[in-house]
Amino acid sequence: MFDMVSILSKLSSGGKVFIPHFYEDVRQQTEEEQELYRLLERMTGKPASYLTAKWREPSLSIHSLETSGPGNRTVIPSSVTAALSFRIVPDQKLAEIATSVERHILDSFAELKSPNSIHVTIEKAADWWLGNLEGPWFQALESAIENEWGVRPLRIREGGSIPSIPFLEKIFGCPALHLPLGQSTDQAHLANERISVNNLLKGKAVLERFFLSVASMEKNV
């Protein structure tokens, strides 16, 4: 357990990940994107730095620590397992990040000169995805939302775990769109998860407007 705690402490601190070269390929903000976050700051009342850390910067999460044995305080476990996840963003390279994470953990353990052993397993890996905001499909959907709700939607970068999106884009040869229907108060994936009937009906109407717009675009091609 002491070895595990020591290793985890060398992964991150103060919101920064210590993996070598972790931030090296992160796409820099354009002036247009900076202006977008200044707008979001005014609309949400939260600092732009907080929003960029939440929505566009890579991150590390420690999800759980599990020990062997009955879990009694007087029993020293023979093994301990930690579950971690890393969010990567444009233009980080998935394979390079995975290799760097594994090497950093193994190097940190070697420095301990511990008699114990360690095993690093990457169970799932998925590349980042970012929608094309300038494409005709996105703009058609954005217009459909604005026409249905009567207000221009805010552009944010939040989608949770969507590892299948790049795969689907490649297989079908077409761009993907991400349309949120819920609200920030919906308790997504938590107890008492909800979604309002009004949001569902509005979402249906947005899709109707979008498909009609796309059909019109196809006729004009």
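- Here the side chain of Thr121 pairs no donor or acceptor atom with the backbone of Glu123 at under 3.5 angstrom.
- Expressed to the nearest 0.5 Å, how far CD1 of Ile76 lies from OG1 of Thr67 amounts to 11.5 Å.
- In this structure, the side chains of Glu102 and Ser100 stay at 4.5 Å or more apart for every pair of heavy atoms.
- Using a 4.5 Å cut-off on side-chain heavy atoms (C-beta onward), Asp25 and Glu96 make contact.
- Between Glu57 and Arg157 there is no salt bridge, since none of the side-chain N atoms of the basic residue sits less than 4.0 Å from a carboxylate O of the acidic one.
- You'll find the side chain of Arg155 reaches within 4.5 Å of the side chain of Phe138, heavy atoms only.
- Under a 4.0 Å N-O distance rule, the pair Lys93/Glu24 does not qualify as a salt bridge.
- Counting heavy atoms from C-beta on, the side chains of Ile118 and Ile7 come closer than 4.5 Å.
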TODO: Just do the salt bridge (charged side-chain N to carboxylate O under 4.0 Å, His left out) check on Glu148 and Lys204 with the steps written out, would you?
DONE: CA-CA 10 Å; Glu148 181 61 33; Lys204 177 175 178 288; over 6 Å; no
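- Here the CD1 atom belonging to Ile165 is positioned 13.0 Å from the CG atom belonging to Asp127, to the nearest 0.5 angstrom.
- Although no hydrogens or angles enter the test, the distance criterion places a donor-acceptor pair under 3.5 Å between the side chain of Ser114 and the main chain of Asn116.
- Note that the NZ atom of Lys124 and the OG atom of Ser85 stand 11.5 Å from one another [nearest 0.5 Å].
- In this structure, the side chains of Asn132 and Glu134 come closer than 4.5 Å at one or more pairs of heavy atoms.
- Atom CG of Asn147 and atom CD of Glu142 lie 10.5 Å apart (nearest 0.5 Å).
- Judged by a 6.0 Å distance limit and a 45° cone about the ring axis, Lys10 is not positioned over the six-membered ring of Phe109.
- Proximity of Val89 to Pro58: side-chain heavy atoms (C-beta onward) are separated by under 4.5 Å at one or more points.
- Using cut-offs of 30° and 60° on the angle between ring planes, the pair Trp55 and Tyr37 is tilted.
- Of the inter-residue distances, the one linking Leu212 atom CG with Met217 atom CE reads 12.5 Å to the nearest 0.5 angstrom.
- Residues Arg38 and Glu35 are paired through a salt bridge, judged by an N-O separation under 4.0 Å between the basic side chain and the carboxylate.
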